[in-house]
Amino acid sequence: VLWRGMAALSAYRCIECNGEATELYRDYQRGVLRISICKSCQKPVDKYIEYDPVIILINAILCKAQAYRHILFNTKINIHGKLCVFCLLCEAYIRWLELQDSSQNTDPDDLIRYAKEWDFYRMFGIASLEQTSFFIGIFITLWWMTPEMLQKKSDFILLLKALLLSTYGNLLLIPAVIWEHDYTPLCLAFIKMFVLISNSQAIRVTLNLNRILPWFAIFSGLILENGVVFLFQKMGWNV
């Protein structure tokens with residue numbers, strides 16, 4: 001199914017070579033459409049415009065650069081904010097469950113729901129601060145290593161959007177909780193690794209970098225994030 005309304009006058013990107021293109025396809029009326037050919041690599045600018053969304057999602061899960069370029073540059077997806085909040089809620093819920101499991105108080109009347117509800121909000125705030133520090137570490141590293149890539153406000157916004165969208169792997173926390181078993185900690189570790197790989201691919205595609213620099217930026221982000229966690233622990237907070 002061809003996605004209409006995308007052939008605006010703004011610039012698009014070739015999903016193969018990352019070159020700029022003025023249109024994704026040309027409409028010759030009466031249902032006759034022709035996919036544009038990239039002038040640089042002589043391949044279709046974006047073959048995914050005629051793919052089913054499920055196929056695109058599968059390719060994104062496989063971390064294919066072409067799928068990431070299609071989503072980030074050639075579509076008008078604006079769910080990154082909602083997706084981020086939902087993923088943080090999932091993360092907060094996981095932490096909240098672990099906190100309840102570690103609690104030794106079994107009295108059903110222990111200041112009941114209010115204290116437990118406050119714990120959930122606290123976990124959501126901590127998860128938000130940790131992710132913010134992770135992103136800040138990435139931005140600082142990339143701005144220091146490749147200042148020419150982040151010269152305009154729009155460059156920062158695009159990278160932030162890419163990072164937020166690439167955290168979709170945290171949605172796997174839901175089935176990990178529903179189908180709870182003895183290997184849940186291992187599942188959570190795999191989910192974390194998958195999210196980091198997605199973050200790396202998002203940075204690489206957005207800034208057109210090699211494979212090493214995105215991982216260096218992610219490593220810096222993890223250092224800052226763990227520093228925040230250490231600070232919370234020093235304050236006596238259970239994170």
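By convention here, the first residue in the shown sequence is residue 1.
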*Do Thr206 side-chain atoms and Ile203 backbone N/O form a donor-acceptor pair below 3.5 Å?*
no
*Enter the distance from Leu173:CG to Ile94:CD1 here, rounded to the nearest 0.5 Å.*
5.0 Å
*To the nearest 0.5 Å, how far apart are CG in Asp155 and OG1 in Thr146?*
10.0 Å
*If we only count heavy atoms from C-beta on, is the Leu207 to Leu150 side-chain gap below 4.5 Å?*
yes
_Hydrophobic clusters here meaning ILVMFWY residues chained together by side-chain heavy-atom distances under 4.5 Å, can you tell me if Ile77 and Leu171 are in one?_
yes
*Stepwise ring pair (Phe, Tyr, Trp, His ring centres under 6.0 Å) check, Phe134 with Phe139*: CA-CA 9 Å; Phe134 175 65; Phe139 277 108; over 10 Å; no
*Is there a donor-acceptor pair under 3.5 Å between the side chain of Asn170 and the backbone N or O of Leu88?*
no
*What's the shortest heavy-atom distance between Phe194 and Cys63, and which atoms?*
CE1-SG, 4.4 Å
*Is it possible for you to say whether Phe219 and Val229 belong to one hydrophobic cluster, with membership spreading through side-chain heavy-atom contacts below 4.5 Å?*
no
*Determine whether Leu57 and Ile79 fall in the same hydrophobic cluster, where Ile, Leu, Val, Met, Phe, Trp and Tyr are linked whenever their side-chain heavy atoms lie under 4.5 Å apart.*
yes
*So, do Leu142 and Leu209 sit near enough that their side-chain heavy atoms are less than 4.5 Å apart?*
yes
_Donor-acceptor pair, distance only, cut-off 3.5 Å: does the side chain of Lys64 make one with the backbone of Ile58?_
no
_Pairwise distance CG(Asp46) to SG(Cys38) - rounded to 0.5 angstrom_ = 11.0 Å
*Report yes or no: do Ile223 and Trp215 belong to one cluster of Ile/Leu/Val/Met/Phe/Trp/Tyr joined by side chain heavy-atom distances under 4.5 Å?*
no
*To the nearest 0.5 Å, what is the distance between CZ (Phe73) and SG (Cys14)?*
11.5 Å
*Go through the steps to decide whether Tyr93 and Ile174 satisfy the test side chain to side chain contact (heavy atoms under 4.5 Å, CB included), and finish with yes or no.*
CA-CA 9 Å; Tyr93 182 68; Ile174 299 176; over 6 Å; no
*Go through Asn74 and Leu24 one step at a time and tell me if the side chain to side chain contact (heavy atoms under 4.5 Å, CB included) criterion holds.*
CA-CA 8 Å; Asn74 298 340; Leu24 300 180; 3.8 Å; yes
_Co-membership, hydrophobic cluster, residues Leu196 and Leu72, 4.5 Å side-chain_ = no
*Glu23 and Arg34 ion-paired at < 4.0 Å*: no
*Any side-chain heavy atom of Glu16 within less than 4.5 Å of one from Cys41?*
yes
*asked:* So which atom in Ile191 and which in Gly169 form the shortest heavy-atom distance, rounded to 0.1 Å?
replied: CG2-O, 3.5 Å
*Could you tell me whether the side chains of Arg204 and Gln201 share a donor-acceptor contact shorter than 3.5 Å?*
yes
*asked:* Contact between His70 and Ile49 at the side-chain level, heavy atoms closer than 4.5 Å - yes or no?
replied: yes
*Would you indicate whether the side-chain heavy atoms of Leu83 and Leu164 approach each other to under 4.5 Å?*
no
_Which heavy atom of Glu225 sits nearest to which heavy atom of Ser133, and what is that distance?_
CA-OG, 3.4 Å
*Candidate pair Ser198 and Tyr168, rule side chain to side chain contact (heavy atoms under 4.5 Å, CB included), full reasoning*: CA-CA 9 Å; Ser198 299; Tyr168 69 91; 3.9 Å; yes
*Supply the atom-to-atom distance Gln66 CD to Cys17 SG, rounded to the nearest 0.5 angstrom.*
10.5 Å
*Do Thr167 and Phe135 come close enough that some side-chain heavy atom pair is under 4.5 Å?*
yes
*Report yes or no: does Asn210 contribute a side-chain atom to a donor-acceptor pair with the main-chain N or O of Leu213 at less than 3.5 Å?*
yes
*Sub-4.5 Å side-chain heavy-atom contact between Arg26 and Ile35*: no
*Looking at Leu224 and Gly137, what are the two nearest heavy atoms and their distance?*
CD2-N, 3.6 Å
*Quick one: do Tyr48 and Tyr51 satisfy ring pair (Phe, Tyr, Trp, His ring centres under 6.0 Å)? Show the steps, please.*
CA-CA 5 Å; Tyr48 286 116; Tyr51 280 31; 5.1 Å; yes
*Which atoms form the tightest heavy-atom contact between Arg69 and Ile15, and what is the distance?*
NH1-O, 2.8 Å
*From Glu20 atom CD to Lys39 atom NZ, the distance as rounded to the nearest 0.5 Å*: 11.5 Å
*asked:* If you count every heavy atom of other residues, nucleotides or ligands that lies below 6.0 Å from Phe86 atom CZ, does the total exceed 12?
replied: no
*Mark yes when over 12 heavy atoms from residues, nucleotides or ligands other than Ile212 sit less than 6.0 Å from its CD1; otherwise mark no.*
no
*Can any side-chain N or O of Asn59 pair as donor or acceptor with the backbone N or O of Ile56 at less than 3.5 Å?*
no
*Between the side chains of Ser220 and Thr141, is a donor N or O closer than 3.5 angstrom to an acceptor N or O?*
yes
_side chain to side chain contact (heavy atoms under 4.5 Å, CB included) between Phe156 and Trp143, worked out_ = CA-CA 10 Å; Phe156 284 93; Trp143 182 77; 3.8 Å; yes
*From CA spacing to verdict: salt bridge (charged side-chain N to carboxylate O under 4.0 Å, His left out), Lys192, Glu91*: CA-CA 11 Å; Lys192 179 67 174 179; Glu91 177 73 21; over 6 Å; no
*Check whether any side-chain heavy atom of His80 sits under 4.5 Å from a side-chain heavy atom of Leu163, and report yes or no.*
no
